[in-house]
Every structure is written in C-alpha cells, then in structure tokens.
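What follows is a set of notes on a single structure, which appears directly below.
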There are 2 protein chains.
Amino acid sequence: MKWDTLDEEPCSLSRTVAVVGDRWTLLILRECFLRVRRFEAFQSSLQITRHLLSERLKKLVRFGILRRVPYSEAPKRYEYILTQKGLDLYPIIMAMVHWGDTHMGDERGRPLLHEHKTCGKLFDPVMVCSECGEVLHAKQVHVHAGPGREEAVG
Amino acid sequence: MKWDTLDEEPCSLSRTVAVVGDRWTLLILRECFLRVRRFEAFQSSLQITRHLLSERLKKLVRFGILRRVPYSEAPKRYEYILTQKGLDLYPIIMAMVHWGDTHMGDERGRPLLHEHKTCGKLFDPVMVCSECGEVLHAKQVHVHAGPGREEAVG
DNA sequence: GGCTATAGTTCTAAAATAGAACTGTCAAAC
DNA sequence: GTTTGACAGTTCTATTTTAGAACTATAGCC
C-alpha cells in the first residue's frame, strides 16, 4: 500500500490512520496529553530513538496536531504543544486507554485513574449517540455511503 | 523498543497499542466492523499482502479479538469473527472515524454516514463522563497514579 | 578552556514489508 | 478423468523502516 497517500483515501478511518496509525505516534501523543513537551523529555520517557522521534514530531507538526513553539531564543529551542486538532484526538486516546483497562488489565489494577474536574469523580469514558444520548454499540449502527463515497459499502 | 512485551507495560494505552497499534490491524478491524469475515475478502478489499494479512489475523486471534470459526469442513475453511473483546474496540474505531470526518475531510463530504438504529437518526459519536454524562475534554481531566503504577506520572 | 544541557543529524546492522509466485484442498465444468 | 477455479494460506527476494549508537551544533556556567 502507498502509505503516503493514505490520507487521501475516501475513508475517514484511513485518513486518521495515516496520521496516528503507528505505535510511536500513539505513544508520543500519550505523552503530550500527560503534558510532556520537549524533545529530551519525550526521548527519555519513551526510549524512542532520536531519529524516529525527530521524524514523528515533524510529521505531527506537518499535519497540524502539534505546534512548534519557541521557548528559548539563543540557542533556538522549541516545545511541541497540542493544537485544537491535536486535543481533539483525546477521545481516541481515552477509548484506547479504556479498552486496555477493561481487556488487558492484570492483577495489579489500573495504571492510571482519571478524575473529571467538572464533577470531581473518577470516571470511565463512554461513547454515546449525539442524537439520543444512548450508549453506542456496534450492532446498533447501520452504515450508509455518504457524499464522499457514493458506491455502497458494508 | 521491545514491541513483543509492550502488552505487559504498566500503561493501558501501551497495552492497547500492542494489539491495535499498527496501520494494517486498524484497517482490518474496519473491515470486520463492515461485516467482512473471509481471508480473500480482506485481501481484495485492502490490497494487503497475503503474508501480512495471515500474520495479522493470527495475532488478532491470539489476542482474543477475532474467533476463527469453520464454515466449511472439506476443504477446511474459516471465517474471522469479532469476539466481545473485539466488538468492544468499536469506540476506538468510531473515535478515529469521527476525528477523520472532522479534521481530514475534503470537499466531497463524508465517506460514510452512521445511523443509530435505536433512535433512527444519523449521528456522531460523542465521548462523555460515565459519572456526570458531560462531554469530555482533555483539559477537564486530571490523572492520578492507580494501583497498577504507584509512581506518580504526569 | 572544559563541562553540561538541549535538539537534533548521521551512520550501519537488523527487522519488517511489498510484491509476486507457489502449495494444497476440494467442487464443478468439460 | 482431467482441467479450471475458488479459497486460504506459505515461501521467496528486494526494498523500506527501525534500532542503536555515535556525532554535531549552540550556548550557559565555572
């Protein structure tokens, strides 16, 4: 497959996969949501090779998920900060964390707990229908071809 | 990194990434949710090499995400069907589709539309707090170390 | 000048992937 | 009863990606 044009496929999943569909990118984003911002910090917490880190950060900047913000003029140093587009990846990350909590846990219990500042409680993320608010399940969803792909699928 | 032990890391995201954190696996899962079940069907719709498809399906079976169910005795033929653990990946896939719809769209419009059979409407998936039902945003969440990782993080 | 911190780049060896051909089983067609 | 075709893989080689370590560059501090 030509991964370099995956972001132009008539499929929103493919387009997302083009951006965040590799292991390092997802782990880098986890660090971003944990407020990590600097090259050395990413490198030492992830044990990623510097080469790949450099490349992945560039890619995330290119796709508008991170902004490269100077925090020192001489020498020039930059921090990588989530844009709104990047912050909007939160449901993906949280869905993955929740699935891991549910299905890949061990006897030690959850690695992290999440507190919702708005209500003050420890919570799990739940995916609901924007129209009726009910919890979503795969079997209750029917797929239609949209304007971006008129041939029927599924 | 030792990707082969990523599923034992004290981090639910890492564990999930160990299972679904590569491009082909995510695309294969998309097909699963579109009711694709057979080797040839995956291969022809994804243009994945047979080698990799074989390997990824084995991995998904090994992790309990797909079941290999015989549908013909002679010759022996199998279908790959989502288990409950696999069906529970739905929020991840939908979160990715929704992000792609929102941030990677083009002038043609959405490739697919989703209808919630329960309420009959076209919908978007929304992630909410299990406790108060409010829509979740990254900045409203505070992270605590859980029993599975007592050293503080973030 | 020598040491440290930060943010990368460059190099070679090892691993993963692409692309195509091949194997084996059986049913149906000729 | 031989050929064709569908299905579900496996095997092979060439190319691409990644790992791991070393190197470069800028500047502050002693």
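Numbers restart at 1 for each chain; the letters A, B, ... are given by sequence-line order, proteins then strands.
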Legend entry - Criterion salt bridge (charged side-chain N to carboxylate O under 4.0 Å, His left out) against B:Glu79, the qualifying member of B:Arg38, B:Arg68, B:Arg67: B:Arg38
Inset, instruction - Take atom CG of A:Leu6 and atom P of C:dA18, then tell me their distance rounded to the nearest Å. - result: 11 Å
Inset, instruction - Please state whether the phosphate of C:dT17, meaning OP1 or OP2, lies under 4.0 angstrom from any side-chain nitrogen or oxygen of B:Arg56. - result: yes
Inset, instruction - Ignoring backbone atoms, establish whether B:Thr49 has a side-chain N or O less than 4.0 Å from OP1 or OP2 of C:dG19. - result: no
Legend entry - Residues that B:Asp124 engages under salt bridge (charged side-chain N to carboxylate O under 4.0 Å, His left out), provided they are two or more places apart: B:Arg110
Inset, instruction - At under 4.0 Å between heavy atoms, which parts of nucleotides 1-7 of chain C does protein reach? Answer with one letter per nucleotide, 5' to 3': B base, S sugar-phosphate only, - none. - result: ----BBB
Legend entry - Residue pairs fulfilling ring pair (Phe, Tyr, Trp, His ring centres under 6.0 Å) with at least one residue in residues 109-137 of chain B, sequence neighbours excluded: B:His116-B:Phe123
Inset, instruction - Report yes if a side-chain nitrogen or oxygen of B:Lys58 is closer than 4.0 Å to either non-bridging phosphate oxygen (OP1 or OP2) of D:dT10; otherwise report no. - result: yes
Inset, instruction - Would you mind checking if B:Glu40 and B:Arg50 are paired as a salt bridge, meaning a charged N to carboxylate O distance below 4.0 Å? - result: yes
Inset, instruction - Report whether A:Val126 and A:Val141 are members of the same hydrophobic cluster (ILVMFWY, side-chain heavy atoms less than 4.5 Å apart, transitive linking). - result: no
Inset, instruction - Strictly below 4.0 Å, heavy-atom distances to any atom of DNA chain C: list the hits from residues 18-30 of chain A, or just say none. - result: none
Inset, instruction - Considering non-hydrogen atoms only, spot the tightest contact between A:Val36 and A:Ala41 and give its length. - result: CG1-CB, 3.7 Å
Inset, instruction - Would you tell me whether A:Ser14 and B:Arg23 have side-chain atoms, one donor and one acceptor, within less than 3.5 Å of each other? - result: no
Inset, instruction - With B:Thr16 as reference, evaluate A:His98, A:His103, A:Met96 under the side chain to side chain contact (heavy atoms under 4.5 Å, CB included) test and give the passing residue. - result: A:Met96
Inset, instruction - Measure from CD on A:Glu55 to P on C:dT10 and round the result to the nearest Å. - result: 12 Å
Inset, instruction - Return no unless some side-chain N or O of A:Ser54 is found under 4.0 Å from OP1 or OP2 of C:dT9. - result: yes
Legend entry - Whole-Å gap separating C1' (C:dA20) and CD (B:Gln43): 11 Å
Inset, instruction - Report yes if the side chains of B:Cys129 and A:Pro125 come closer than 4.5 Å at any heavy-atom pair, otherwise no. - result: no
Nucleotide N/O of nucleotides 12-15 of chain D paired with protein N/O under 3.5 Å:
none

Inset, instruction - Starting at atom CG of B:Leu53, determine the distance to atom C1' of C:dT17, rounded to an integer number of angstrom. - result: 14 Å
Inset, instruction - Quick one: closest heavy-atom pair of A:Pro10 and A:Arg15, and the distance? - result: CA-NH2, 3.8 Å
Legend entry - d(CG, A:Leu46; P, D:dA19) in whole Å: 12 Å
Legend entry - side-chain N/O B:Trp3 vs C:dA15 OP1/OP2, d < 4.0 Å: no
Inset, instruction - May I have all residue pairs that pass ring pair (Phe, Tyr, Trp, His ring centres under 6.0 Å) and include part of residues 2-43 of chain A, sequence neighbours excluded? - result: A:Trp3-B:Trp24, A:Trp24-B:Trp3, A:Phe33-A:Tyr90
Legend entry - Spacing between B:Leu52 atom CG and D:dT10 atom C1', to the nearest angstrom: 13 Å
